[in-house]
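Numbers for residues simply follow the sequence, beginning at 1.
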Amino acid sequence: MQKYVVLQVTLKEKLIGTASKNLSELEDVINKQADKGYRLHTISTTMVFERIE
């Protein structure tokens, strides 16, 4: 099983914040990875998830 997963989510705003139109999509991606046993390691234009062992 992979130790890291790298995903990219395109935000509908230039900056992450309360005005972003698809934060629920971002939250959904993070929660799906958490359900698979990963935690969010890094977030910028990409997200890096690290498997919790």
**Prompt:** What residues form a salt bridge (Lys or Arg N to Asp or Glu O under 4.0 Å) with Lys32, not counting sequence neighbours?
**Reply:** Asp28
**Prompt:** Heavy atoms, side chains only, cut-off 4.5 Å: are Tyr38 and Ile52 in contact?
**Reply:** no
**Fill in**
On a heavy-atom basis, the closest approach of Leu40 and Thr42 is CD1-O, 3.4 Å
**Prompt:** Which value, rounded to the nearest 0.5 Å, describes the distance between Asn31 atom CG and Leu26 atom CG?
**Reply:** 9.5 Å
**Fill in**
The salt bridge (Lys or Arg N to Asp or Glu O under 4.0 Å) partners of Arg51 (sequence neighbours excluded) come to none
**Item:** Minimum heavy-atom distance Leu7-Phe49, with the two atoms named
**Value:** CD1-CE1, 4.0 Å
**Asked** In Å and rounded to the nearest 0.5 Å, what is the CD to NE2 distance from Gln33 to His41?
**Response** 14.5 Å
